[in-house]
K.L.:
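Before we start, here is the structure in question, set down as structure tokens.
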Amino acid sequence: MAAAARMGAAALTDHPSNFPPFFVAVMLAALVGGLWAGLASVLASALLVRLLWMGGPLDTAQAAQLATFSFSGGLIVLFVAALRLAVRS
């Protein structure tokens, strides 16, 4: 669904952002599946964006986007995992 949302954004604008739809996917994966599912979602999302929308060798801006998404996605996963743990207690 995140990839479809990103494709829809591309149809509406000349400069769609690659990652925002994937933040929701990461959060939901972590909420439903826990820490490892959330981290797997971060990795899968980054790979999907890299393969589908960042063709050729990475330039500095693309590398920065991937790094920022991976770091932010990882923090989201950690926060959601902590929230899951707090709710269970």
Side-chain angles (χ1 to χ4, degrees):
M1 288 180 52
R6 196 295 186 180
M7 286 180 190
L12 296 174
T13 180
D14 292 336
H15 302 288
S17 182
N18 288 323
F19 293 103
F22 293 94
F23 283 112
V24 176
V26 166
M27 183 183 64
L28 290 176
L31 187 62
V32 173
L35 178 68
W36 294 110
L39 292 175
S41 178
V42 170
L43 179 62
S45 296
L47 287 173
L48 185 66
V49 168
R50 172 68 179 110
L51 293 174
L52 293 179
W53 295 293
M54 293 181 170
L58 279 180
D59 61 23
T60 305
Q62 291 172 331
Q65 286 179 355
L66 281 170
T68 302
F69 171 75
S70 298
F71 180 74
S72 300
L75 285 177
I76 289 169
V77 170
L78 290 176
F79 291 144
V80 171
L83 179 64
R84 282 175 47 114
L85 186 61
V87 168
R88 286 186 182 176
S89 306

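Along the sequence shown, residues are numbered consecutively beginning with 1.
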K.L.:
Examine Leu58 and Leu52 and state if one hydrophobic cluster contains both, with Ile, Leu, Val, Met, Phe, Trp and Tyr joined whenever side-chain heavy atoms are less than 4.5 Å apart.
P.N.:
yes
K.L.:
Begin from the C-alpha positions of Phe22 and Leu48 and carry the test side-chain contact (heavy atoms from CB on, under 4.5 Å) through to its verdict.
P.N.:
CA-CA 10 Å; Phe22 293 94; Leu48 185 66; 3.7 Å; yes
K.L.:
Quick one: closest heavy-atom pair of Phe23 and Ser72, and the distance?
P.N.:
CE2-CB, 3.7 Å
K.L.:
Kindly determine whether Gln65 and Val49 satisfy side-chain contact (heavy atoms from CB on, under 4.5 Å), including the steps that lead there.
P.N.:
CA-CA 10 Å; Gln65 286 179 355; Val49 168; over 6 Å; no
K.L.:
Can a donor-acceptor pair be found, under 3.5 Å and without considering hydrogens, that links the side chain of Ser45 to the backbone of Ser41?
P.N.:
yes
K.L.:
Would you mind listing the cluster partners of Leu43? Hydrophobic ones only (ILVMFWY), side-chain contacts under 4.5 Å, chaining allowed.
P.N.:
Leu47
K.L.:
I would like to know whether Arg84 and Leu35 meet side-chain contact (heavy atoms from CB on, under 4.5 Å); could you show each step before the answer?
P.N.:
CA-CA 9 Å; Arg84 282 175 47 114; Leu35 178 68; over 6 Å; no
K.L.:
Where do Val42 and Phe69 come nearest, in terms of heavy atoms and distance?
P.N.:
O-CE2, 3.7 Å
K.L.:
Group every Ile, Leu, Val, Met, Phe, Trp and Tyr by side-chain heavy-atom contacts under 4.5 Å, then state whether Leu28 and Leu39 land in the same group.
P.N.:
no
K.L.:
Among Ile, Leu, Val, Met, Phe, Trp and Tyr joined by side-chain contacts under 4.5 Å, find the other residues sharing a cluster with Leu75 and list them by chain and number.
P.N.:
Phe71, Phe79
K.L.:
If you compare all heavy atoms of Ala37 against all heavy atoms of Ala29, which two are closest, and at what distance to 0.1 Å?
P.N.:
CB-O, 3.7 Å
